[in-house]
Amino acid sequence: MDLSERQELIVDIVKERGPITGENIADELNLTRATLRPDLAILTMAGFLDARPRVGYFYTGKTGSELLTDKIKKLSVRDHYSVPVVVNDQAHAYDAITTMFLEDVGTLFVVDQHGILVGVLSRKDLLRTSMGQQDLTEVPVHIIMTRLPKIKVCQKDDLLLDASIKLIENQIDALPVVQENERGLEVIGRLTKTNITKAFVGLVNQDRI
Ligand code: ADP
């Protein structure tokens, strides 16, 4: 986040003299408290300064990049996943390809009749199958999918950062968001590289407000 010249000055004053009241900062800058209010609000919201009632403002000691890291570490899968796109484990490759086009996704999750995760199908899994001579309406998805226990999953309460690391380390595009129940892992969402890109852009937009 880029600070204005005046905001930089405020940070310097607070670094040197904090804790210091808004009134005293205003005096230092020959400005009124009202003029400074929006700057102080921005600096406090962005985490550069902290304010304690009856004490004043003090410097948090964090640099811009440390503050950004703090923000990234707070992002949770819960706020960023999408609805899952699934096919039944009885489906054929042809059904899966049709679903992938209709739903405009790159990864499908294969579930049993109870919505429990049994497999994952990516674009390349289906492309590979399409290159063979078989009739795609005859190829069951369960023979081409990646199956448990190989499937990497995440849960709503996981950190977005940990889920991102899983995607990178395993060189995959999506993780099913699951919730464990007595039958197995119920698929409740889909976390993709697009979700993570959007979260990243969201951080910048937040800063502009
Ligand atoms: P693409 O095939 O389009 O490159 P991916 O990189 O996501 O897509 O998939 C690569 C391989 O990893 C595929 O065989 C796919 O079945 C498998 N895969 C995809 N997602 C997962 C996952 N969450 N856990 C385990 N394997 C996965």
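Counting begins at 1 with the first residue of the sequence. Both counts, for ligands and for their atoms, begin at 1 and track the order of listing. Since the structure is predicted, the reported quantities are computational estimates derived from the model, not experimental observations.
Between atom CG of residue Leu43 and atom CD of residue Glu8 there is a gap of 9.0 Å, rounded to the nearest 0.5 Å. Note: Thr192 OG1 to Asp173 CG = 8.5 Å, rounded to the nearest 0.5 Å. The CD atom of Glu23 lies 9.5 Å from the CG atom of Leu36; values are rounded to the nearest 0.5 Å.
Within 6.0 Å of CG in Asp135 there are more than 12 heavy atoms belonging to other residues, nucleotides or ligands.
A side-chain N or O of Thr21 and one of Asn24 form a donor-acceptor pair less than 3.5 Å apart.
Checked by atom type and distance alone, the side chain of Ser4 pairs as donor or acceptor with a backbone atom of Gln7 at under 3.5 Å.
Atoms of ligand 1 lying under 4.0 Å from any heavy atom of Thr146, numbered from 1 in the order shown and given with element: 14 (O), 15 (C), 16 (O), 17 (C), 26 (N). In the vicinity of Ile151, heavy-atom distances shorter than 4.0 Å reach the ligand 1 atoms 24 (N), 25 (C). Contact atoms of ligand 1 toward Gln171: 6 (O) (distance under 4.0 Å to a heavy atom of the residue).
The closest protein non-hydrogen atom to atom 18 (N) of ligand 1 is Ile172 CG2, 3.5 Å. The nearest protein atom to atom 4 (O) of ligand 1, hydrogens excluded, is given as Lys124 NZ, 2.9 Å; this is a heavy-atom distance. When only non-hydrogen protein atoms are considered, atom 24 (N) of ligand 1 lies nearest to Lys152 N, 2.8 Å. The protein heavy-atom contact nearest to atom 3 (O) of ligand 1 is Arg123 CB, 3.6 Å. The single protein non-hydrogen atom nearest to atom 11 (C) of ligand 1 is Ser122 OG, 4.3 Å, given as residue, atom name and distance.
Nearest heavy atom pair, residue Arg190 against residue Asn195, reads O-OD1, 3.4 Å. For the residue pair Tyr59 and Val11, the shortest heavy atom distance occurs at CE1-CG1, 3.8 Å. Pairing each heavy atom of Val87 with each of Ala96, the nearest pair is CG1-CA, 4.2 Å.
Ionic pairing of Arg183 and Asp112 is not present here: no N-O contact between side-chain nitrogen and carboxylate oxygen is shorter than 4.0 angstrom.
For the pair Ala174 and ligand 1, the shortest N or O to N or O distance falls below 3.5 Å. Checked against a 3.5 angstrom limit, the closest N/O atoms of Asp173 and ligand 1 fall inside it. Inclusion of Thr107 in the set of residues having an N or O under 3.5 Å from an N or O of ligand 1 is not warranted.
For Pro176, the closest heavy-atom approach to ligand 1 falls below 4.0 Å. Under a 4.0 Å heavy-atom criterion, Gly106 is not in contact with ligand 1.
At a heavy-atom distance under 4.0 Å, no atom of Met145 approaches ligand 1.
Which of Asp125, Val120, Ile144 comes nearest to atom 15 (C) of ligand 1 through a heavy atom is settled by distance: it is Asp125.
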